[in-house]
Amino acid sequence: MLLCQVAGWRLRAMHCVAVIFFLSACLMEGSSAFGPATTGPPLTKEQKCAVCETAVLEMHLDMREIDEGATVDLRNRLDPHGKRQGKEIPYHQSELKAVEMLEKVCSHLKDYSISNDEGPSKLVRHNARKEGDPVTLSNVSVDSGVSDRMNAYCGTLVGNYEDEITEMIMAGKDARTMFKSFCIKQSKVCKGQKREDAFAELYTEADSNEVKSDL
C-alpha cells in the first residue's frame, strides 16, 4: 500500500515538473500553447483602422489573382437516372472562394509595418507580396511584435464580421464599398477618421478622381 502511495506521489510530481517545463519553454520562446504572443502596447484607434483598411486591400488583391474561368462544381446529387444534378458556378462568386480568402487575409499583416510618416497611421509592406513587387523600407520600423499584434487584431475583427464579409465577397463588392461597409459602418473602427484613398491602385484614373468625402 505504501509503495502504491509513493508511486502515485512520484507520478504527480513528474506531471507537475513536465507542466512547469512546458510553460517555461513557451515563455522563453515568446509564445504560448494557444498562439503567438502579442505583448506590447495596444494598437491605437488609427492603427486598428489601418489594419481593417489593409485587410480589405489584400482581399481585393487576392481577387485580382483569381482565374475568371475557374468554376466550382455543385453537382453533388444524382437523379433517378444516375445523372448528376446541380450546377457549376463561377469560383469568384462562390462561398468557397470567400472562405479561402478569409483564412489567409490576416497572415498578410505579418508582411506590413506601420509607417512613421506624418498624418493618419498607415501600413506599408516591408515584404513583397510576390517577386518584383515594391516594398517600403524607409521611414518604417519593422517590428515582429507589432506585426503579430496587427495579425491578432485582424483575426478578431474578421472573425466578428465573417458572415458580412463573406456576403460582400460573393456579391463582388469593390474595395471602397467594402471598406465603407465593413470598416466604417459595421465595425465602426474607422468611423470619423479622415484618410487618404488606400485603394487607388485598384481603380482607373477616372474612378480615383471621384470625391469620397466620407472616407
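Side chains are part of it too, since the values below use all heavy atoms of this structure and drop only hydrogens, waters and symmetry mates. If you read the sequence from its start, that first residue is 1, and numbering goes on from there.
Residues passing the side chain to side chain contact (heavy atoms under 4.5 Å, CB included) test with N160 are T156, sequence neighbours excluded. The salt bridge (Lys or Arg N to Asp or Glu O under 4.0 Å) check on E58 picks up R125, R129, with sequence neighbours excluded. The salt bridge (Lys or Arg N to Asp or Glu O under 4.0 Å) test applied to D133 returns K130, not counting sequence neighbours.
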For this session: Tell me, with the steps shown, if F182 and E164 meet side-chain contact (heavy atoms from CB on, under 4.5 Å).
Result: CA-CA 8 Å; F182 172 40; E164 293 84 349; over 6 Å; no

Problem set entry | Test log, rule side-chain contact (heavy atoms from CB on, under 4.5 Å), inputs C52 and L157 | CA-CA 8 Å; C52 190; L157 191 63; 3.7 Å; yes

For this session: Applying side-chain contact (heavy atoms from CB on, under 4.5 Å), run through L109 and Y153 and close with a yes or a no.
Result: CA-CA 10 Å; L109 270 296; Y153 177 71; over 6 Å; no

Problem set entry | Candidate pair E100 and D62, rule side-chain contact (heavy atoms from CB on, under 4.5 Å), full reasoning | CA-CA 10 Å; E100 291 177 345; D62 284 341; over 6 Å; no

For this session: List the steps and the verdict of side chain to side chain donor-acceptor pair (under 3.5 Å) for T166 and D163.
Result: CA-CA 5 Å; T166 296; D163 292 341; 5.4 Å; no

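Counting non-hydrogen atoms of other residues, nucleotides and ligands closer than 6.0 Å to NZ of K97 gives a total above 12.
Cysteines C190 and C183 are not disulfide-linked, with SG atoms at least 2.5 angstrom from each other. When the SG-SG distance for C154 and C106 is compared with the 2.5 Å cut-off, it comes out below that value.
Between E95 and V99 the shortest side-chain heavy-atom distance falls below 4.5 Å. Looking at heavy atoms from C-beta onward, T54 lies out of side-chain contact with H108 at the 4.5 angstrom threshold. Using a 4.5 Å heavy-atom cutoff, the side chains of D174 and F199 are not in contact.
Put simply, NE2 on H126 and OG on S113 are 4.5 Å apart, with the number rounded to the nearest 0.5 Å. For the atom pair K188 NZ and K45 NZ, the distance stands at 11.0 Å (nearest 0.5 Å). Remark: C49 SG to I184 CD1 distance equals 7.5 Å, nearest 0.5 Å. Distance check, rounded to the nearest 0.5 Å: CD of E53 to CZ of R195 gives 4.0 Å. Atom CG of L57 is separated from atom CG of L123 by 10.0 Å, given to the nearest 0.5 angstrom. For the atom pair CG (L102) and OH (Y161), the distance works out to 14.5 Å, reported to the nearest 0.5 Å.
When only modelled atom types and interatomic distance are considered, S181 and Q186 share a side-chain donor-acceptor pair under 3.5 Å.
Judged purely by atom type and a 3.5 angstrom limit, S121 has no side-chain atom pairing as donor or acceptor with the backbone of S115. Side chain of E46 to backbone of P120: no donor-acceptor contact under 3.5 angstrom is found.
At a threshold of 4.5 Å between side-chain heavy atoms, the hydrophobic network of Ile, Leu, Val, Met, Phe, Trp and Tyr places M63 and I165 in one connected group. At a threshold of 4.5 Å between side-chain heavy atoms, the hydrophobic network of Ile, Leu, Val, Met, Phe, Trp and Tyr places M178 and M170 in two separate groups. Cluster membership for F179 and V124, using ILVMFWY side-chain heavy atoms within less than 4.5 angstrom, is not shared. With hydrophobic clusters built from ILVMFWY side chains whose heavy atoms lie under 4.5 angstrom apart, M150 does not share a cluster with V140.
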